[in-house]
Amino acid sequence: MSRLFALVDCNNFYASCERLFDPRLIGKPVVVLSNNDGCIIARSNEAKALGVRMGDPYFKCEKFLQAHDVAVFSSNYALYGDISSRVMALLRRLEPAVEVYSIDEAFLHLSAMAGGTLTAYGGQLRRTVLRWTGIPVSIGIGPTKTLAKVAGRVAKKNAALQGVFDISGADVDEILGRFAAADVWGIGRRLAERLALSGITTALDLKNCGDEWLRRNLSITGLRTAMELRGISCISLEECPVSRKSIASSKSFGCQVESLAALKEALATYVEQAAVRLRAQHALANSLEISISTNRFSKTTVPYSGRRVITLPEPTASTTVLINHALPALAGLYQPGLRYQKAGVVLFGLVPESHYQPNLFAGQDKKSGPLMAALDRINGKWGRCTIQHAAAGLTKPWRNRQQKKSAAYTTSWQELPVVKA
DNA sequence: TCTGGGGTCCTAGGACCC
DNA sequence: TCTGGGGTCCTAGGACCC
């Protein structure tokens, strides 16, 4: 009995989450915007049917959306993250081997059953997730992760399949022959262009490419993708979440920023946010990279982006230490007279707290551990900005826009939905 | 006026070492 | 004329994912 992969993919996840707490939106077009209300990053089926495209800048289609009575939301990650963990917890209850692949996708192992019953099982899984969490999902089943992804897409595109498709019980070549190479998992825009130049346009073409050619032109990852299309599993199920190798925090500003002082406040704020996640992972950072940039789309201003890597004298998880290294370096990147649009920080060279080897020559920082722990506890209990470093500023006029955000229905006592008042 | 954010992996090339 | 060879580590850049 061979093992199969199933991909469980939440349909239009963010839009579905918004609908959960506002049933008036059922049957209506819904879109969700990226941070800073910049681009469209999720669309309900009705919005897709109107021709609203993924990634379109909001300001360019705002009028169109209004004219078609589309419900528009800022992204509400507290809500989506919480609904995601409910879906994933349910899957773990139903199946022993689950890999949470992203906020809205999970891979499972299924054992092959005699013809047909696997599809029936998928249907049952789908109905259970819908009934327990309110989230509609599609399920693709195949002998490799890449084929399960193909199957999932087929399931989503063909209403007749009712959300489940098992490619292992189908004519694989016939399906791959009608599946664009550009839509294969692992083939992005650049590789798709490169493939097209060689006449490779379908997943079947890709599957049938010579190994040597694939290795040379698409690197080892491209060869692996082709092998997976042939039904040879190269990418296994990762059940244990691996700890992060880097932690980033970067955001566009809600308005143009010109002064070094404002940039410093923003950067200090992002360092704080990254450091909280660093400590949650019980890790220390050896290095950080800071960056600032102007609006890359602007035709009227000079494009500028600067980044600088800072190696710390010893690994740390202290917000104070990180800010103290980040801010002086920022002055070196800052060029007066420009209108900045974005700043960010990446913490990397992460090591587990428990593996820390103190540097003989660096001053040991004994107080910051308990101080940061207290800070995280207080902010965890009373809200993210209850206590913060003064360097992060108070008014934060550069903070990004989120004008259409729904309530944190499931994660904040103040924002619980009222059923009957 | 207004165009997201947070990750991973692979490769090529240079530095360095013996 | 003619200037080793092989290994490792690091980094920047490019590609991908959701």
Side-chain angles (χ1 to χ4, degrees), chain A residues 7 9-10 12-14 31-42 53-63 65 72 74-77 80-81 84 99-107 145-146 149 152-153 181-195 214-225 234-235 238 241-257 270 273-274 277-278 281 286-287 289 291 293-301 303 305 307-309 311 339 341-350 400-404:
Chain A
L7 172 72
D9 190 346
C10 301
N12 317 327
F13 183 56
Y14 297 170
V31 300
V32 179
L33 306 177
S34 65
N35 272 357
N36 219 22
D37 292 347
C39 306
I40 289 171
I41 55 166
R53 281 179 313 179
M54 187 75 168
D56 270 357
Y58 175 51
F59 73 89
K60 284 190 181 171
C61 51
E62 189 174 355
K63 286 219 169 69
L65 298 177
V72 179
S74 302
S75 38
N76 182 348
Y77 288 103
Y80 312 149
S84 172
E99 172 188 342
V100 176
Y101 176 65
S102 73
I103 194 165
D104 66 343
E105 283 175 59
F107 285 104
K145 281 183 166 178
T146 305
K149 278 279 215 180
R153 211 179 158 92
D183 292 337
V184 172
W185 189 42
I187 304 298
R189 201 166 51 86
R190 293 308 182 93
L191 289 186
E193 281 169 12
R194 210 180 298 169
L195 286 170
L214 286 164
R215 179 71 184 78
R216 199 155 11 92
N217 292 281
L218 270 66
S219 93
I220 188 74
T221 45
L223 177 56
R224 199 149 50 203
T225 296
C234 305
I235 308 170
E238 308 285 340
V242 284
S243 49
R244 301 248 169 273
K245 293 175 178 169
S246 64
I247 292 173
S249 180
S250 70
K251 276 159 208 69
S252 302
F253 306 131
C255 59
Q256 303 276 0
V257 167
Y270 303 160
Q273 292 171 7
R277 283 189 279 146
L278 180 67
Q281 192 178 300
N286 271 295
S287 318
E289 180 191 283
S291 60
S293 58
T294 55
N295 186 341
R296 67 200 156 108
F297 296 100
S298 173
K299 295 193 178 78
T300 54
T301 56
S305 73
R307 28 188 274 203
R308 181 148 302 173
V309 173
T311 305
R339 290 157 61 183
Q341 197 237 352
K342 186 174 180 173
V345 61
V346 184
L347 307 178
F348 63 102
L350 306 191
N400 65 28
R401 285 182 303 270
Q402 284 206 306
Q403 290 173 343
K404 298 166 179 298

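Here the structure is a predicted model, which means the values were calculated and not measured. Below, chains carry the letters A, B, ... as their sequence lines are ordered, and counting in each starts from 1.
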Give [X] one of three labels, base, sugar-phosphate or nothing, depending on what nucleic acid heavy atoms sit under 4.0 Å from its own.
X	result
A:Arg339	nothing
A:Lys245	sugar-phosphate
A:Arg216	nothing
A:Ser249	sugar-phosphate

Practice task
State the CG-OG1 distance between A:Leu191 and A:Thr225, to the nearest 0.5 angstrom.
Solution key: 8.5 Å
Fill in the blank from the handout: So CG of A:Leu218 and CZ of A:Arg194: to nearest 0.5 Å the spacing works out to 6.5 Å
Fill in the blank from the handout: Per-nucleotide protein contact along nucleotides 8-18 of chain C, 5' to 3', at a 4.0 Å heavy-atom cut-off (B base, S sugar-phosphate only, - neither), is -------SSSS
Measure from [atom1] on [X] to [atom2] on [N] and round the result to the nearest Å.
X	N	atom1	atom2	answer
A:Tyr77	B:dG4	OH	P	12 Å
A:Asn36	B:dG4	CG	P	8 Å
A:Lys299	B:dC2	NZ	C1'	13 Å
A:Asn35	B:dG4	CG	C1'	6 Å
A:Lys60	B:dG4	NZ	P	11 Å
A:Asn400	B:dT3	CG	P	11 Å
A:Gln256	B:dC2	CD	C1'	10 Å
A:Gln273	B:dG5	CD	P	11 Å

Handout entry: Charged N-O contact under 4.0 Å between A:Lys145 and A:Glu99
Key = yes
Exercise for the section: Taking only Lys NZ, Arg NE, NH1 and NH2, and the carboxylate oxygens of Asp or Glu, determine whether A:Lys404 and A:Asp37 approach each other closer than 4.0 Å. Expected result: no
Problem - Neighbour count above 12 (heavy atom, 6.0 Å) for A:Arg53 CZ - result: no
Practice task
Could you tell me whether A:Arg216 atom CZ has more than 12 heavy atoms of other residues or ligands within 6.0 Å of it?
Solution key: yes
Output yes when at least one side-chain N/O atom of [X] is less than 4.0 Å from OP1 or OP2 of [N], else no.
X	N	result
A:Asn295	B:dT3	yes
A:Gln341	B:dC2	no
A:Lys342	B:dG5	yes

Problem - Position toward the 5' end of DNA chain B (nearest nucleotide), A:Arg215 or A:Phe297 - result: A:Phe297
Exercise for the section: Please state whether the rings of A:Trp185 and A:Phe107 are parallel, tilted or perpendicular, taking 30° and 60° as the class boundaries. Expected result: tilted
Exercise for the section: Answer yes or no: is there a side-chain heavy-atom contact under 4.5 Å between A:Ile41 and A:Val31? Expected result: no
Exercise for the section: For A:Ser219, enumerate each residue passing the side-chain hydrogen bond (donor to acceptor under 3.5 Å, both in side chains) test, keeping only those at least two apart in sequence or located in another chain. Expected result: A:Thr221
Handout entry: Helical bend (five base pairs per end, nearest 10°) for the helix from B:dG5-C:dC18 to B:dC18-C:dG5
Key = 10°
Fill in the blank from the handout: Testing B:dG6, B:dG7, B:dG4 for proximity to the side chain of A:Ser246, the answer is B:dG7
Completion exercise
Between A:Ala42 and A:Met54, the two heavy atoms sitting closest are N-SD, 4.3 Å
